[in-house]
Amino acid sequence: KMSRISICELAEWQAADRAFTLLDVRRTSVRLADAEEIPDAHWRDPEAVFTWKDQVSRDRPVIVYCAKGHEISQGIAATLEAMGLDARFLIDGFAGWYGAGRPTRSISR
């Protein structure tokens with residue numbers, strides 16, 4: 001079964017200052033349209049996962065999120081998990097995070 005994390009759990013991890021990598025894997029167009037991201041996220045192009053996957057730190061869990069928590073983030077989490085990383089996708093993605101009133105920041109263009 002695919003590893004996942006809820007919006008509440010991610011907020012708890014942030015509040016507890018846990019060490020983890022947060023990757024925004026929304027498509028460029030979607031990300032620019034939203035113009036916001038979850039604080040401390042690093043954007044990675046989902047189309048280029050095979051060029052950057054080996055650069056993801058292996059010494060901490062990685063959480064990936066896409067727009068709604070469907071195919072993109074689940075597929076990338078599965079890829080990273082297959083490489084032996086502790087990878088999870090964010091349930092409901094950025095839309096769920098934003099809709100829950102969680103903090104966001106403007107993306108740097």
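Just so it is clear, the structure is predicted and the values come from calculations on it, not from any experiment. All values below come from the heavy atoms of this structure, side chains included, with hydrogens, waters and symmetry mates left out.
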message = Determine whether Phe20 and Asp40 satisfy the following criterion, side-chain contact (heavy atoms from CB on, under 4.5 Å), listing intermediate values before the conclusion.
response = CA-CA 10 Å; Phe20 63 96; Asp40 299 321; over 6 Å; no
task = Before giving the answer on side-chain contact (heavy atoms from CB on, under 4.5 Å), spell out for Ile107 and Leu32 the whole-Å C-alpha distance, their side-chain angles and the decisive distance to 0.1 Å.
result = CA-CA 8 Å; Ile107 60 171; Leu32 292 175; 3.7 Å; yes
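Transitive grouping of hydrophobic side chains (ILVMFWY, heavy atoms separated by less than 4.5 Å) brings Tyr65 and Ile5 into a common cluster. Cluster annotation: Val62 and Val49 are assigned to the same hydrophobic cluster (Ile/Leu/Val/Met/Phe/Trp/Tyr, side-chain heavy-atom contacts under 4.5 Å, transitive).
More than 12 heavy atoms of other residues, nucleotides or ligands shown are found within 6.0 angstrom of CZ on Arg60. Counting heavy-atom neighbours within 6.0 Å of Lys68 NZ, excluding the residue itself, gives a total of 12 or less. Crowding of Glu71 atom CD: a count of heavy atoms from other residues, nucleotides or ligands under 6.0 Å not exceeding 12.
For the side-chain hydrogen bond (donor to acceptor under 3.5 Å, both in side chains) test, no residue two or more places apart in sequence or in another chain qualifies with Gln74.
When all heavy atoms of Cys66 and Ile72 are compared, the closest pair comes out as CB-CB, 3.9 Å.
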For residues 83-103, which side-chain donor-acceptor pairs fall under 3.5 Å, sequence neighbours excluded?
from: Asp86; atom 1: OD1; to: Arg88; atom 2: NE; distance (Å): 3.1
from: Asp86; atom 1: OD1; to: Arg88; atom 2: NH2; distance (Å): 3.1
from: Asp86; atom 1: OD2; to: Arg88; atom 2: NH2; distance (Å): 3.1
from: Trp97; atom 1: NE1; to: Pro103; atom 2: O; distance (Å): 2.7

For residues 41-48, dump all side-chain donor-acceptor pairs below 3.5 Å to protein atoms at least two apart in sequence or in another chain.
from: Trp43; atom 1: NE1; to: Arg26; atom 2: O; distance (Å): 2.8
from: Asp45; atom 1: OD1; to: Glu47; atom 2: N; distance (Å): 2.9

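Atom CG in Leu10 sits 10.5 Å away from atom CZ in Arg18 (nearest 0.5 Å).
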